[in-house]
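Nothing fancy with the numbering, it's 1 onward along the sequence. Counting convention: from 1, in listed order, for ligands and their atoms alike.
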Amino acid sequence: MSQRKLLVAGNWKMNGSQDFTLNILESLTNKLSRSSSDIAVFPPYVYLSLAKERLKSSAIQLGAQDLSSQEKGAYTGEISAAMLKDIGCKYVLVGHSERRAYHHESNELIAKKCLAAYQGGLTPILCMGETQEERDTNRTYDVITQQLQPILEMPEVLESCVLAYEPVWAIGTGKTATPEQAQEVHHFIRQQIAKKYSSIANKIRILYGGSVKADNATQIFNMPDIDGGLIGGASLKEEEFVFLCQINKA
Ligand code: PGA
């Protein structure tokens, strides 16, 4: 059995309100007080403080959906790692495919953001994954290799990271990778790390993301190299998210 504890991370994306934040966190804290998995929620920036207040005495952790690669200064609209730490975040998503696609974030910028998160005392959740076209033309492993490469140059940052394999074609589409497809890529990621740093490879958590729901999560989370999930749509539905947080690895 793997020594790695499952992590279930709920990425709310650009959804929610003050009421939604208070209501869902009230239910989650009540229903998940004895979960054996690590749990984290990722509300939009403007609701983080409210969420922190609500989660005060709960084991559920807080994360942000992005951060600046810069430490501080004249960067209008940006949020730094220190600010996120200051308001009680533990995690931060880095390199989500929606940031890569809509904000043209490069692998280099993403590596800088991981470094900024690490230096600011946050745990980066570094996301990676191929598009449908890349999969169809057998480039999945090339893409993953390129996305991993910059972080492999920074072992101390890598060690602090959680990774998330999120095939772009499975995000928000209802089309999930089969447990075997996901396991194959997770295994590949772990092998790439093991070539350079075997002790990190065994310890690092690799989450799967892309249309994870109550009816497919148990099988996915039970694959040997999968250590939990990064959940979008289903994290907005209280009952479904509670179910995902209660899955035990056999
Ligand atoms: P989804 O999103 O679960 O809605 O597919 C996952 C993600 O983007 O993190």
Validation row: Asp227, Leu7 side chains within 4.5 angstrom (heavy atoms)
no
Would Glu166 count as being in polar contact with ligand 1, using the rule that some N or O on each side must be under 3.5 angstrom apart?
yes
Are the side chains of Ile189 and Tyr165 in contact, using a 4.5 Å heavy-atom criterion?
yes
Answer with yes or no whether Lys13 contacts ligand 1, where contact means a heavy atom under 4.0 Å from a ligand atom.
yes
Give the single entry among Gly174, Ser211, Gly10 that approaches atom 1 (P) of ligand 1 most closely by any heavy atom.
Ser211
Within a distance under 4.0 Å of any heavy atom of Ala170, pick out the atoms of ligand 1 and give their elements.
5 (O)
Of all the atoms in ligand 1, which lie at a distance below 4.0 Å from a heavy atom belonging to Gly172?
1 (P), 4 (O), 5 (O)
Check each heavy atom of Asn11 against ligand 1 and say whether those closer than 4.0 Å belong to the side chain, the backbone, both or neither.
side chain
Residue pairs involving residues 170-181 (criterion salt bridge (Lys or Arg N to Asp or Glu O under 4.0 Å); sequence neighbours excluded):
none
Starting from atom 3 (O) of ligand 1, locate the nearest protein heavy atom and write down its residue, its atom name and how far away it is, to 0.1 Å.
Gly232 N, 2.9 Å
Do Tyr91 and Leu62 have side chains that get closer than 4.5 Å, going by heavy atoms?
no
Would one find an N or O of Ile231, backbone or side chain, under 3.5 Å from an N or O of ligand 1?
no
Quick look: Ala234 vs ligand 1, heavy-atom contacts under 4.0 Å, and the answer is neither
Polar atom proximity, Gly209 to ligand 1 (N or O, under 3.5 Å):
no
Out of all atoms in ligand 1, which are within 4.0 Å of some heavy atom of Gly233? Include the element for each.
1 (P), 3 (O), 4 (O)
Side chains of Asn107 and Gln147: any donor to acceptor distance under 3.5 Å?
no
Of Glu130, Gln132, Glu134, which is the lone residue that meets side-chain hydrogen bond (donor to acceptor under 3.5 Å, both in side chains) with Trp169?
Glu130
Would you say the side-chain atoms of Lys249 pair up with the backbone N or O of Phe221, donor to acceptor, closer than 3.5 Å?
yes
Any N/O pair Gly210/ligand 1 closer than 3.5 Å
no
Considering only heavy atoms of His96, which atoms of ligand 1 have at least one such atom less than 4.0 Å away?
7 (C), 8 (O), 9 (O)
Any side-chain heavy-atom pair of Val143 and Arg135 under 4.5 Å:
no
Hydrophobic clusters here meaning ILVMFWY residues chained together by side-chain heavy-atom distances under 4.5 Å, can you tell me if Ile60 and Leu6 are in one?
yes
